[in-house]
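What follows is a short report on a single structure.
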Amino acid sequence: MTSKHLLHRRLLHALPIATATWNGRLWELSKHGQFSEALELYRQMLRSGESPNAFTFPFLFKSCAALSLPVPGAQLHGHVIRTGCGLEPFVLTSLITMYSQSNLIERARQVFDESPQRYLTVCFNALISGYAYNSRLFDAAALFSQMRQLNISFNSVTMLGLIPACNLPPHMSFGMSLHSCIIKFGLETESSVGNCLLTMYVKCGSIEFAETLFDSMPERGLISWNAMISGYAQNGLANKVLGLYQDMKSQGIHSDPVTLVCILSSCAHLGAHSIGRAVEREIELRGFGTNSFLNNALINMYSRCGKLGKARAIFDAMSDRTVVTWTAIMNGYGIHGQGEISVQLFDDMIRSGIKPDGAAFVSILSACSHAGLTDKGLSYFDMMKDKYLLQPRPEHYSCLVDLLGRAGKLDEAFGLIRSMKVKPDGAAWGALLGACKIHKNVELAEVAFNQVAELEPENVGYYVLLSNIYNEAGNLEGVLRVRVMMRNQNLRKDPGYSYIEHRGKVHLFLVGERNHPQIEKICRKLNELESLVDGLDDLKKNEGRSDELFNGTSVHSERLAIAFGILNSEPESEIIVIKNLRVCTYCHSFIKSVSKVVDHRFIIRDATRFHHFSDGICSCGDYW
DNA sequence: CTAGGGTTAG
């Protein structure tokens, strides 16, 4: 201990430090999220003989809730009773909240029931919000209705506690009834309530309701914009995210880190690399460079735009890596087919003392699958169950089916599905179906398809997959059968599409696109390119033959995007195209040949993998 | 008691 510390300690003993001073320090610590330090300071306070008062406890309960420490929380509850502070409403509410957020909601209820102060609005608010925190809409709603019956007035805080209980699609109708109630009582003008409702619609997947509400809001603050932008991002509408961001800027609203996280996430989905880079510059400029949410989003954006080196540099420079950080970088190497590095990183993560969660295991399993590291993947699956005691969820099983299936172990994959403890979902059967495509097993494909068609009858992708399997096997009768099935159910294949970014805008090409302003030039360029490369004719004969049945003959979107890219990019630059479906064999050969005769490097990212093309060499982020 | 955020196959 340094002399300075000794002096400090002596002073603590020498001077009578008033409770208020201790409380002030506790306030400082809890404000800065230093919760364990706050609890330690409290112990120090007791040792020094000072007694806590009512103002002491809320900081401590907040710390226990944040650290999920129910035992010290319960001890503190004892101190509250002994010091007679339990009648102060703000002590009571923080106590209820502490129990609610420590998986002890029943204990919270007990405290509420036993308190003579329970008829206060704030106490109802605390318990309602506790039920919502524990996803118990029914109890939260019952309490609210009790409140109404007892004629206890409610306020906007009641609503801010209750609305999040409706953040799941099946609860939206109740959420809408709350919305009516809010309007009836004139609370809709409170911006916090409006924002909370907006988020509710977003989490229920009802983007139209969210848009309507957003458009009708009288005061749209930064949080409203962020809620709407993140709503688009969470519902996969990445292009709308970028559009709304433009609107926001043009109305002079300044973004903050929350906005930028959403923008980066959308850039990642769209492969919008230069927009992403502009966001990174803005992060530097505005001094957000140490925000770990932003750094995680940057790692994800760069690795999904094919810039693994940039992603790694950001990762290496970070000092506060969480499990999300590690998952982002492992996933980056995984989608690029560099599973060995993902495996190394996983082990490094464990060595650095970070526990993997379900998402981390999804990433490492799929990384192993893409790199052909079958045994390694199997051992991670066991590790997840045995060492980390995580119950495998459906997505883990489907990764494992994919892992076994790609390795050609179709029977084992089939056996795994049948031995699953949870009911196999469409994704598990779909992964088996995908493996049957790779290994040309028509019989098992039919079994898998029948299952998946029952679970996800509307998912057109599986029909197309089966049709392609039949087509490759030369079974044209099967192809026709699939077509009839689809017609009978009124299903139509979603069009294939590709994106390419150019001058800060994302250009979308549908299969057979005719409406792009440059379409004539693009088609001329395409013809010119095709005439430059040989040996494509045979492949072209087979181009997407089964697709033809669904689309008619038309030019695949990735070739349109490539031609657009060549027309509009600087020589020797990199052209990144994102495709929603798989790149077909013909397009693959086409791009490979084109990369021999032009100066560009190409990166195509499709539904699952990366393909890097340069000088006629293709390295795939996957093994075939 | 109290509104918005990052990672997850096919």
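In what follows, chains carry the letters A, B, and so on, assigned in the order in which the sequence lines appear, proteins first and then strands, with residues in each chain numbered from 1. Predicted model, so just to flag it, every value in this text is computed and none were measured.
Remark: A/N300 is not in phosphate contact with B/dG6, judged by side-chain N or O atoms under 4.0 Å from OP1 or OP2. Applying the 4.0 Å criterion to OP1 and OP2 of B/dT7, one finds that A/S265 has a side-chain N or O inside that range. A close approach under 4.0 Å does not occur between any side-chain nitrogen or oxygen of A/S369 and OP1 or OP2 of B/dA9. Remark: A/K203 is in phosphate contact with B/dG5, judged by side-chain N or O atoms under 4.0 Å from OP1 or OP2. The side chain of A/H269 places no N or O atom within less than 4.0 Å of a non-bridging phosphate oxygen (OP1 or OP2) of B/dG6. Within the structure, a side-chain polar atom (N or O) of A/N331 is placed less than 4.0 Å from OP1 or OP2 of B/dT8.
Interatomic distance, A/K437 NZ to A/L432 CG, rounded to the nearest 0.5 Å: 14.5 Å. A/C196 SG to A/L160 CG: the interatomic distance, rounded to the nearest 0.5 Å, is 5.0 Å.
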### Task
Output, in order, the C-alpha distance, side-chain angles, deciding distance and verdict of side chain to side chain donor-acceptor pair (under 3.5 Å) for A/T158 and A/N155.
CA-CA 5 Å; A/T158 318; A/N155 55 24; 3.0 Å; yes
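The distance between atom OH of A/Y131 and atom P of B/dC1, rounded to the nearest whole Å, is 18 Å. Rounded to an integer number of Å, the gap from OH of A/Y397 to C1' of B/dA9 is 16 Å. When the P atom of B/dT7 is taken as reference, atom CG of A/L294 falls 12 Å away, rounded to whole Å. Taking atom CZ of residue A/R321 and atom P of nucleotide B/dT7, one finds them 18 Å apart after rounding to whole Å. A straight line from CG of A/L365 to P of B/dT8 spans 14 Å, rounded to a whole angstrom. Distance CG (A/L198) to C1' (B/dG5): 14 Å, rounded to an integer number of Å. If you take CD1 of A/I96 and P of B/dC1, they are 10 Å apart, rounded to a whole angstrom. Taking atom CD1 on A/I335 and atom P on B/dA9, their separation rounds to 8 Å, with Å as the unit.
Nucleic acid contact class of A/P89 (heavy atoms, under 4.0 Å, all strands): none. Using a 4.0 Å heavy-atom cutoff across all strands shown, A/R393 reaches no nucleic acid atom at all. Residue contacts for A/T121: at a heavy-atom cut-off of 4.0 Å it reaches no nucleic acid atom on any strand shown. Using a 4.0 Å heavy-atom criterion, one finds that A/T199 contacts the sugar-phosphate atoms exclusively. Within the 4.0 angstrom heavy-atom criterion, no nucleotide atom of any strand lies near A/N295. Using a 4.0 Å heavy-atom criterion, one finds that A/Q234 contacts the sugar-phosphate atoms exclusively. Contacts of A/A431 with the nucleic acid, taken as non-hydrogen atoms under 4.0 Å apart, are absent. Residue contacts for A/N291: at a heavy-atom cut-off of 4.0 Å it reaches a base atom on one of the strands shown.
Under the salt bridge (charged side-chain N to carboxylate O under 4.0 Å, His left out) criterion, A/D316 pairs with A/R312, not counting sequence neighbours.
In the set B/dA9, B/dT7, B/dG5, B/dG5 carries the atom at the smallest distance from any side-chain atom of A/C262. Here the side chain of A/N296 is nearest to one of B/dA3, B/dG6, B/dA9, namely B/dG6. Distances were taken from every side-chain heavy atom of A/S192 (C-beta onward) to each of B/dT8, B/dG6, B/dA3; the shortest belongs to B/dA3. Checking B/dA3, B/dT7, B/dC1 against the side-chain heavy atoms of A/S191 singles out B/dA3 as nearest. For A/V324, taking side-chain heavy atoms from C-beta onward, the closest of the listed nucleotides B/dC1, B/dA9, B/dT7 is B/dT7. When distances are taken from the side chain of A/V122 to each of B/dC1, B/dA3, B/dT8, the shortest belongs to B/dC1. Minimum atom distance to the side chain of A/F293 is reached by B/dG6, of the listed B/dT2, B/dT8, B/dG6. Distances from the side chain of A/N195 to the nucleotides B/dT7, B/dC1, B/dA3 place B/dA3 closest. The side chain of A/A126 approaches B/dC1 more closely than any other nucleotide in the set B/dC1, B/dG6, B/dG5. The side chain of A/C196 lies closest to B/dA3, out of B/dG6, B/dA3, B/dA9.
Of the listed residues (A/N300, A/D320, A/N296), just one forms a side-chain hydrogen bond (donor to acceptor under 3.5 Å, both in side chains) with A/T325, and that residue is A/N296.
Of the residues in residues 310-320 of chain A, not one places a heavy atom less than 4.0 Å from an atom of DNA chain B. Applying a 4.0 Å cut-off to non-hydrogen atoms, the residues of residues 213-225 of chain A that approach DNA chain B are A/L222, A/I223, listed by residue number.
Note: A/Y201 and A/H179 have tilted aromatic rings, judged against thresholds of 30 and 60 degrees for the angle between ring planes.
Under 3.5 Å, the side chains of A/Y497 and A/E558 contain no donor-acceptor pair of N or O atoms. A donor and an acceptor atom, one from each side chain of A/R406 and A/T374, are nowhere located under 3.5 Å apart. Side-chain N/O atoms of A/S292 and A/N295 include no donor and acceptor closer than 3.5 Å. In this model, no donor atom of one side chain and acceptor atom of the other lie less than 3.5 Å apart for A/Q344 and A/Y333.
Residues A/C267 and A/G276 approach most closely at SG-N, 3.7 Å, considering heavy atoms.
Between A/H77 and A/F61, the ring center distance fails the sub-6.0 Å criterion.
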